[in-house]
Amino acid sequence: MKKINIAIDGFSSSGKSTIAKGLAKKIGYIYIDSGAMYRAVSLFAIRNGWISDSAIDEKALESQVPDICISFKTNAQGQQETYLNSENVEKEIRNLKVADGASRVSTIGFVRRELVRQQQAMGKEKGVVMDGRDIGTVVFPDAELKIYVNASPEIRAKRRFDELTAKGENVSYADVLANVKERDERDTTRSESPLRKAVDAVELDNSRMGMDEQLQWAFDLFYKATAT
Ligand code: DC
């Protein structure tokens, strides 16, 4: 069976990472969460005091970008965790402040160029399932299988709200919905690699689909893509 790369793009909280993780596990591929990489850059900038409510100190960030090393390791439970310069930051990058910063740093050209370079290197040997916003359009334009995941903002906000409250974060549904909409707007209107469906991507609206159904759907596509 030939080895391929699989690109899974979509809005925040569309469930793309759950599908990507599940599919990678099922087929024995490496899963890469490209959003975690933008979150790690955001955390790095926040810790250095380079992100304020109104601006980002791009000059300072640009000078340090080559020193930001992001990697992934699998923990004892088989879950992938994100490392920033050898420190496990998996938990810290999942809060709303870091997510907001990630949405903002991801609009900066030099940040995108560096992360795309790292992502392309990770997929060089194929056998990768990567999820994000520009995987099918920019990172792996030649990916043999591209999936574009979608669901309504309200359903995605409910998913994110449940996720955050389960982790003990004190947030309101209204705030999460506003954040989802704000990020959608930024993701689709930014000039650098805006989120859009690649022409050869297959769309999945999972608003009313369970995880098993989605996984089977993705697996069938994988099977078709590798059988030829
Ligand atoms: O998927 P996520 O919510 O963890 O992504 C965090 C932010 O990074 C999100 O605002 C969009 C951005 N992002 C991006 O611009 N390109 C990617 N390939 C992945 C994420």
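Counting starts at 1 for both ligands and their atoms, following the listed order. Remember, it's a predicted structure, so these values are computed and weren't measured experimentally. Residues take their numbers from the sequence shown, with the count starting at 1.
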Query raised in the report: Any nitrogen or oxygen of Ser34, main chain or side chain, under 3.5 Å from a nitrogen or oxygen of ligand 1?
Result: yes
**Report entry** Nitrogen or oxygen of Asp134 less than 3.5 angstrom from that of ligand 1
**Finding:** yes
Query raised in the report: With a 4.0 Å cut-off on heavy atoms, is Arg190 touching ligand 1?
Result: yes
Query raised in the report: Can you find a non-hydrogen atom of Lys16 under 4.0 Å from ligand 1?
Result: yes
Report summary line: A student comparing Met130, Arg186, Arg160, Arg39 should find that the heavy atom closest to atom 6 (C) of ligand 1 comes from Arg39
Query - Best match, Ala36, Ser193, Gly35: closest heavy atom to atom 5 (O) of ligand 1 - result: Gly35
Nearest protein heavy-atom contact for [atom]: which residue, which atom, what distance?
atom	value
atom 7 (C) of ligand 1	Ala102 CB, 3.7 Å
atom 9 (C) of ligand 1	Arg133 NH2, 3.5 Å
atom 8 (O) of ligand 1	Tyr38 CB, 3.5 Å

Okay, side chain of [X], backbone of [Y]: is any donor-acceptor separation there less than 3.5 Å?
X	Y	answer
Tyr29	Ile4	yes
Asp131	Ile8	no
Arg39	Ile93	yes
Asn5	Ala143	no

Requested in this report: Indicate yes or no: at least one non-hydrogen side-chain atom of Thr18 is less than 4.5 angstrom from one of Arg159.
Outcome: no
Query raised in the report: Yes or no on side chain to side chain donor-acceptor pair (under 3.5 Å) for Ser106 and Arg190, after CA distance, side-chain angles and deciding distance?
Result: CA-CA 9 Å; Ser106 69; Arg190 67 181 178 217; 3.2 Å; yes
